[in-house]
Asker: 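Right, I'll just put the structure down here and ask away after.
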There are 2 protein chains.
Amino acid sequence: MMLSSSEIESLDDIIQRNKSIEKGDKVYSVGEKFTHIYAIRSGFLKSYCISESGEEQITGFHLAGEIVGLEGINTGVYLGFAEALETSQICAIPYEKLDKLNSSIDGLRQQLFKIMSQEITHNHELMLMLNQKNADEKIATFLLNLSAREALGKGLNLKFVLPMTRTDMANYLGLALETVSRIVGKLVKKEIISIDHKMVTIKQLDILSELAGASCHFSHPGEQNKLA
Amino acid sequence: MMLSSSEIESLDDIIQRNKSIEKGDKVYSVGEKFTHIYAIRSGFLKSYCISESGEEQITGFHLAGEIVGLEGINTGVYLGFAEALETSQICAIPYEKLDKLNSSIDGLRQQLFKIMSQEITHNHELMLMLNQKNADEKIATFLLNLSAREALGKGLNLKFVLPMTRTDMANYLGLALETVSRIVGKLVKKEIISIDHKMVTIKQLDILSELAGASCHFSHPGEQNKLA
DNA sequence: ATTAAAGTTTAACTTAGATCAAACTTTCAG
DNA sequence: CTGAAAGTTTGATCTAAGTTAAACTTTAAT
């Protein structure tokens, strides 16, 4: 799913390449005017929203090749936060210009539709996980998903980084942080995975996959759709 | 958020209006080639997917003015089912043509982007609900959400239809059907709502809202985006 | 290098909601 | 209309995971 060279040229005119952000920096915040969507070139972000009563809900973790900010299209305002979990490089893509240039970059527009569709599908998977999986299955699924995404669509990495805190994992998965800690600890003790600082190694992929259980995939997603 | 008359003319050329489907009929099924998205003119649908192990996960309930099938854009294949919960009228919109005609119906394309963005935002709300709300809060939130949607963006209906079974509600909310039955029963006993067959009446909106608790809304969604 | 703050682990205890079971009610096909 | 099937309610019991608490480890600022 590549763009043509003329599309890439069009892209070059409008995107602001490789802006660097540090851990803890926000790409955008709730209530800000929606102007750009952001392609992640390297690094790791989380997106989250805050409920009226001040509770944080993490809505996604995002790594290289993925897009954040799409939630702003509808209202013209960002409806949550995107924040770097480590030093990251991002491309700012002005949505307005993307929209205007559409005839010259049809492929790009179609790509964007696919990315949004993919996000909707991903959310269906997420519902299955949050509604029907127990804590062990959630953790196993989460680890495998992260592993596959860090491999950028080519299989899955047996060694990958887990850059978020237990608290963030727990919030995303709808578990208590102690539960996450306990289960990750159990997986290590059983030598299904090992952990060194933020680095995870999957030692028994078969067992971890078994643990993860059911998913909704009709056919596997294969290559990740990318914008730039 | 209306379409111009020329946009509506373009639309007239491509959409298949008012196809009628009966309760239990499927609009599309998993694995079928993605050809159309569907605008619901009247009635009520549910969308769901089936996990490898055969478990059903309801991914949404959809009523008049809403769109189903967007999940198919990415892979070119429908990734789940959409099924009528009652006799419904739907518009079939060929995605291919929609895509080709884009220059003449820019507004329509933008509308579609907004609808997809809205769906992503809605999923963030859903995560907050599934992760942080207890069973009482889930039921109250669900009822209020349905009430608001049946009012088509103008406030919320104090009287509305609850067309799905307890089993479907439970599946969607990640609860056991007995829990749903018990909590709905409790709300009726406390006279916060009353139920006559499939008709729900909210008798104490303040208390129900209180019960529903926190949401992520930055500003209220106002009018629902519609395609046709 | 020091140390305060942030993050993690572990254990004991509690509870919301699942599961099991059984009666009751509504729906709808013939 | 009739009866079987589908859906709902209600009660008793059980358990996965939350909560509370406290020690331990890592991180990062000075």
Side-chain angles (χ1 to χ4, degrees), chain A residues 22-25 44 46 55-56 58 61 83-87 129-143 161-190 193-200 211 213, chain B residues 22-25 44 46 55-58 83-87 129-143 161-190 193-200 211 213:
Chain A
E22 294 302 308
K23 178 174 176 176
D25 287 353
F44 212 99
K46 69 171 176 180
E55 291 155 303
E56 177 174 319
I58 294 176
F61 296 108
E83 180 182 321
L85 292 179
E86 58 183 45
T87 303
M129 178 163 88
L130 298 178
N131 276 349
Q132 307 199 347
K133 293 194 177 187
N134 66 24
D136 293 288
E137 292 168 334
K138 283 181 183 180
I139 300 284
T141 304
F142 182 78
L143 291 176
V161 179
L162 197 67
M164 72 289 289
T165 64
R166 298 283 179 270
T167 305
D168 278 354
M169 273 179 73
N171 179 294
Y172 181 71
L173 296 173
L175 297 170
L177 81 97
E178 294 92 338
T179 303
V180 173
S181 179
R182 260 187 281 268
I183 291 172
V184 170
K186 189 173 70 181
L187 293 177
V188 170
K189 188 151 10 159
K190 287 188 177 177
I193 62 173
S194 67
I195 299 190
D196 181 43
H197 294 98
K198 302 247 138 213
M199 204 65 184
V200 176
L211 260 172
Chain B
E22 295 302 307
K23 179 174 176 174
D25 288 353
F44 211 99
K46 69 172 174 178
E55 290 155 305
E56 177 174 320
Q57 174 60 53
I58 294 176
E83 180 183 323
L85 292 178
E86 58 182 47
T87 303
M129 179 162 86
L130 298 177
N131 276 348
Q132 308 199 346
K133 293 193 177 189
N134 66 24
D136 294 289
E137 291 168 334
K138 284 181 182 179
I139 301 284
T141 304
F142 181 78
L143 293 176
V161 179
L162 197 68
M164 72 290 289
T165 64
R166 298 282 180 269
T167 304
D168 279 353
M169 272 180 73
N171 179 294
Y172 181 72
L173 296 173
L175 297 171
L177 81 97
E178 295 92 334
T179 303
V180 173
S181 179
R182 259 186 275 268
I183 291 172
V184 170
K186 189 173 71 181
L187 292 177
V188 170
K189 186 148 13 153
K190 287 188 178 176
I193 62 173
S194 67
I195 299 190
D196 181 45
H197 293 96
K198 302 249 136 210
M199 205 66 183
V200 176
L211 260 172

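Quick caveat, the model's predicted, so the values are computed rather than measured. Sequence lines set the chain letters: A, B, ... in the order given, protein chains first and strands last, and positions in each chain run from 1. We use all heavy atoms of the structure for the numbers below, so side chains are in, but hydrogens, waters and symmetry mates are not.
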Asker: Please tell me if Lys138(A) has a side-chain N or O lying less than 4.0 Å from either OP1 or OP2 of dA17(D).
Answerer: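 So the side chain of Lys138(A) is outside the cut-off, no N or O lying under 4.0 Å from OP1 or OP2 of dA17(D).
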Asker: Between atom CZ in Arg166(A) and atom C1' in dT25(D), what is the gap in whole Å?
Answerer: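 Spelled out: CZ on Arg166(A) to C1' on dT25(D) is 12 Å.
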Asker: Could you state the NZ-C1' distance from Lys189(B) to dT9(D), rounded to the nearest angstrom?
Answerer: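 Value for this atom pair: 10 Å.
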Asker: Contacts to DNA chain D from residues 168-179 of chain A, heavy-atom cutoff under 4.0 Å, which residues?
Answerer: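 Within residues 168-179 of chain A, the residues near DNA chain D are Gly174(A), Leu175(A), Ala176(A), Glu178(A), Thr179(A).
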Asker: When the axes are fitted on five pairs at both termini, how much does the helix from dA1(C)-dT30(D) to dG30(C)-dC1(D) curve, in 10° steps?
Answerer: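 Taking the rotation axis at each end, their angle is 60°.
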Asker: Below 3.5 Å, can you tabulate the donor-acceptor pairs from side chains in residues 162-180 of chain A to any protein atom, sequence neighbours excluded?
Answerer:
{"from": "Thr165(A)", "atom 1": "OG1", "to": "Thr167(A)", "atom 2": "N", "distance (Å)": "3.4"}
{"from": "Thr165(A)", "atom 1": "OG1", "to": "Asp168(A)", "atom 2": "N", "distance (Å)": "3.0"}
{"from": "Asp168(A)", "atom 1": "OD1", "to": "Lys46(A)", "atom 2": "NZ", "distance (Å)": "3.3"}
{"from": "Asp168(A)", "atom 1": "OD2", "to": "Lys46(A)", "atom 2": "NZ", "distance (Å)": "3.3"}
{"from": "Asn171(A)", "atom 1": "OD1", "to": "Gln57(A)", "atom 2": "NE2", "distance (Å)": "3.4"}
{"from": "Asn171(A)", "atom 1": "OD1", "to": "Ile58(A)", "atom 2": "N", "distance (Å)": "2.8"}
{"from": "Asn171(A)", "atom 1": "ND2", "to": "Glu56(A)", "atom 2": "O", "distance (Å)": "2.7"}

Asker: If you measure from CD on Glu137(B) to CG on Asn134(B), what distance do you get to the nearest 0.5 Å?
Answerer: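 With rounding to 0.5 Å, CD (Glu137(B)) is 4.0 Å from CG (Asn134(B)).
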Asker: Rounded to the nearest angstrom, tell me the gap between atom CD1 in Ile139(B) and atom C1' in dT8(D).
Answerer: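 So the CD1-C1' distance, Ile139(B) to dT8(D), works out to 14 Å.
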Asker: In whole angstrom, give the distance that lies between atom CD of Gln132(A) and atom C1' of dA16(D).
Answerer: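 It works out to 17 Å between those atoms.
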Asker: Drop me the distance from Ile195(B)'s CD1 to His197(B)'s NE2, to the nearest 0.5 angstrom.
Answerer: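 It comes to 11.5 Å.
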Asker: Contact class for Ser181(A) (heavy atom, under 4.0 Å): base, sugar-phosphate, or nothing?
Answerer: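 Since a base atom lies under 4.0 Å of Ser181(A), the category is base.
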Asker: Kindly assign one of parallel, tilted or perpendicular to the pair Phe142(A) and Phe61(A), based on the angle between their ring planes and the thresholds 30° and 60°.
Answerer: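 Perpendicular.
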Asker: Taking the side chain as every heavy atom from C-beta outward, state whether Met199(A) and Val161(A) have any atom pair closer than 4.5 Å.
Answerer: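 Sidechains of Val161(A) and Met199(A): in contact.
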Asker: State the CD1-CZ distance between Ile139(B) and Arg182(B), to the nearest 0.5 angstrom.
Answerer: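 The CZ atom of Arg182(B) is 11.5 Å from CD1 of Ile139(B), to the nearest 0.5 Å.
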Asker: Without decimals, in angstroms, what is the distance between Lys133(A) NZ and dA16(D) P?
Answerer: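 For the pair Lys133(A) NZ and dA16(D) P, the rounded distance is 18 Å.
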Asker: Step by step, would you call Ile193(A) with Val188(A) a side-chain contact (heavy atoms from CB on, under 4.5 Å)?
Answerer: CA-CA 5 Å; Ile193(A) 62 173; Val188(A) 170; 3.9 Å; yes
Asker: When you measure from the side chain of His197(A), which nucleotide among dG7(C), dT26(D), dT8(D) comes out closest?
Answerer: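 Nearest to the side chain of His197(A) among the choices is dT26(D).
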Asker: Would you check if Ile183(B) and Lys138(B) make a side-chain contact, meaning some heavy-atom pair closer than 4.5 Å?
Answerer: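 SC-SC contact between Ile183(B) and Lys138(B) ruled out.
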Asker: On DNA chain D, compare the nucleotides closest to Ile183(A) and Gly185(B); which residue's is nearer the 5' end?
Answerer: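 So the residue in question is Gly185(B).
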Asker: In whole Å, what is the span from the CD atom of Glu137(B) to the P atom of dA16(C)?
Answerer: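 Checked: the CD to P distance equals 12 Å.
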Asker: Please give, in whole Å, the distance from dT8(C) P to Lys186(A) NZ?
Answerer: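 Rounding to the nearest Å, NZ of Lys186(A) and P of dT8(C) are 19 Å apart.
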Asker: Once hydrogens and angles are ignored, does a donor-acceptor distance under 3.5 Å link the base of dT19(C) to the side chain of Arg182(B)?
Answerer: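 Under the 3.5 Å cut-off, the side chain and the base do form a donor-acceptor pair.
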Asker: Would you say Lys23(A) reaches dT27(D)'s phosphate, i.e. side-chain N/O to OP1/OP2 under 4.0 Å?
Answerer: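 So the side chain of Lys23(A) is outside the cut-off, no N or O lying under 4.0 Å from OP1 or OP2 of dT27(D).
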Asker: Expressed as a whole number of angstroms, how long is the span from Asp196(A):CG to dT25(D):C1'?
Answerer: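 My rounded result for the distance is 14 Å.
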Asker: With a 6.0 Å cut-off (strictly less than), is the heavy-atom count around NZ of Lys23(B), excluding the residue itself, greater than 12?
Answerer: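 Check fails, neighbour count at 12 or below.
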